[in-house]
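Just below is one structure, and these are the notes that go with it.
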Number of protein chains: 2
Amino acid sequence: MTYKTSILLADDHLLFISGLSTLLAEEQNNYDIFVAHDGNMVLQMVSDQQPDIILLDIGMPGIGGMEVLKYMNRVYPAIKIIMLSSYNDAHLIEKARRAGASGYLLKNCSIEELQRAIADVMEGKLSFPPIVHLPEHNAYTNPIAQQFNLTKREIEIIQLIKEELTNKQIADKLFLSLFTVETHRKNIMHKLKLNSAVSLMKFILDFKL
Amino acid sequence: MTYKTSILLADDHLLFISGLSTLLAEEQNNYDIFVAHDGNMVLQMVSDQQPDIILLDIGMPGIGGMEVLKYMNRVYPAIKIIMLSSYNDAHLIEKARRAGASGYLLKNCSIEELQRAIADVMEGKLSFPPIVHLPEHNAYTNPIAQQFNLTKREIEIIQLIKEELTNKQIADKLFLSLFTVETHRKNIMHKLKLNSAVSLMKFILDFKL
DNA sequence: GGTGAATTACCACCTTGTTGGTATCTTATA
DNA sequence: TATAAGATACCAACAAGGTGGTAATTCACC
């Protein structure tokens, strides 16, 4: 009999782990699947079953995935951990890597990618998404900003408004006249069809400018 | 041959819908399963397949679940929609109900609950979680609000400030003197250690008051 | 019944932002 | 090179909010 890779699925969404365990159990590669739906249960299952790999939801309630990861890494360094997350966030990925994860998978990956990652990790490799320097959604490429025809300077000023600077402070920072900043602000307000500094702040935060 | 209930699974997490469709396909009750992983694909699949039921993730990126729900309800009123969500949030549940959903399921429900909900909805019933009046995290019980010793009235006024009302408008709405509102605002600013209306708005949004 | 917190109300002075103008200079581009 | 868009700068009148006061009334709670 061939060796079965034992996998612990840890995610608080029952539907997700039921589905995923069915899916994995169906595959010809044999897996032993265990499930846990909160941090405490993970700790329990790990000490009971000593799985090879844990697929660990990063966003579990209570003891979160990151905390479990750090704990596991300290107490069971032999167990490989692949973080599961909804977010393709370079920052999160880095955090997981530094905390000792063996991999990071997006929940919208395919089953093939999942199997590939499991296989890689079992061979001792790491499995992280390539650091894609996507056209990052900074303020300048923000679709909202484009939609409202905001200019570079206007967006720059919006960034400072977001930092709660007054027109005077912005003028000093950018070596501009107070009048100039007022003019820019006036134009911004027109373009966004707003009529108060407070509304502007709400707009900026709501639309993540 | 018995009639198969056709179900469209709409969720951006491929692993989730792969798993769930396997799980549902395995069940003795026969389902026809289709999947979609974004809002546009949902619209496409619905017009192609005319499913009986849509299991619709409330948090899809791009065109969100709520928007799809509203659209479906208008254009295909015969199709029943069960919202899938991670959040047991009375407010969200109410929103879904009012927008015409036939049900609301938590992603951490069991497969049995899912089947029960599908069956109920096919019979024309509604399937919503019991309205549990949990200690709701409204503005009044918000830990931040408590930490800063904000009074009921102050929180009430903060809610209106968040709606971009001016002091005058708040005074009219609450049948108070403008001076009174100014006083409340002054006290709020002191308690939060802020010094401008703009900073206050940022604080309110950042801390989700 | 007294105390303190909460709510209400007022005033004067100041700072900040809003609005609707005008006007010059630069820069990208057709 | 002509034109348009962008950035810069100024002004005046006005609106909104910020600050530091005072003070009366209500209401919960000891």
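Per chain, numbering begins at 1; letters A, B, ... match sequence-line order.
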Query - d(CG, B/Asn187; P, D/dT22) in whole Å - result: 14 Å
Requested in this report: Measure the distance from CZ on B/Phe179 to C1' on D/dG21 and round it to the nearest whole Å.
Outcome: 14 Å
Query raised in the report: Taking the side chain of B/Ser177 as its heavy atoms from C-beta onward, which of D/dC10, C/dC10, D/dA7 lies nearest to it?
Result: C/dC10
Requested in this report: Evaluate the ring planes of A/Tyr71 and A/Tyr76, with Trp represented by its six-membered ring, and classify them as parallel (under 30°), tilted (30 to 60°) or perpendicular (over 60°).
Outcome: perpendicular
Report task. Indicate whether OP1 or OP2 belonging to D/dA9 is found under 4.0 Å from a side-chain N or O atom of A/Thr180. Result -> yes
Report task. Could you tell me which non-hydrogen atom of B/Leu194 sits nearest to which non-hydrogen atom of B/Leu200, and how far apart they are? Result -> CD1-CA, 3.6 Å
Show the distances under 3.5 angstrom between N or O atoms of the protein and N or O atoms of nucleotides 16-19 of chain D.
unit_1: D/dG17; atom_1: OP2; unit_2: B/Asn167; atom_2: N; d: 3.2
unit_1: D/dG18; atom_1: OP1; unit_2: B/Ala197; atom_2: N; d: 2.4
unit_1: D/dG18; atom_1: OP2; unit_2: B/Arg185; atom_2: NE; d: 3.1

Query - Pairing of B/Lys107 and B/Asp57 as salt bridge, 4.0 angstrom limit - result: yes
Query raised in the report: Please give, in whole Å, the distance from C/dT16 C1' to B/Met201 CE?
Result: 17 Å
Report summary line: To the nearest angstrom, the CD1-P distance between B/Ile155 and C/dA6 comes to 11 Å
Report task. Before accepting this row, confirm whether a basic side-chain N of the pair A/Arg153/A/Glu156 lies closer than 4.0 Å to the acidic partner's carboxylate O. Result -> yes
Report task. Would you kindly check whether a donor in the side chain of A/Thr183 faces an acceptor in the base of D/dC10, or vice versa, at under 3.5 angstrom? Result -> yes
Query raised in the report: Starting at NE2 of A/His184 and ending at P of C/dT19, how long is that distance when rounded to a whole Å?
Result: 17 Å
Requested in this report: Write down the distance between CG (B/Leu174) and C1' (C/dT8), rounded to a whole number of angstrom.
Outcome: 12 Å
Query raised in the report: Parallel, tilted or perpendicular: which fits the ring planes of A/Tyr104 and A/Phe128, with parallel below 30° and perpendicular above 60°?
Result: parallel
Report summary line: Whole-Å distance, B/Arg153 CZ to D/dT26 P, equals 15 Å
Query raised in the report: Could you give the CD-to-P distance, from B/Glu164 to C/dT18, as a whole number of Å?
Result: 12 Å
Query - Pair A/Glu94 + A/Arg98: basic N to acidic O under 4.0 Å - result: yes
Query raised in the report: Between B/Glu182 and B/Arg185, is there a side-chain N and carboxylate O pair less than 4.0 Å apart?
Result: no
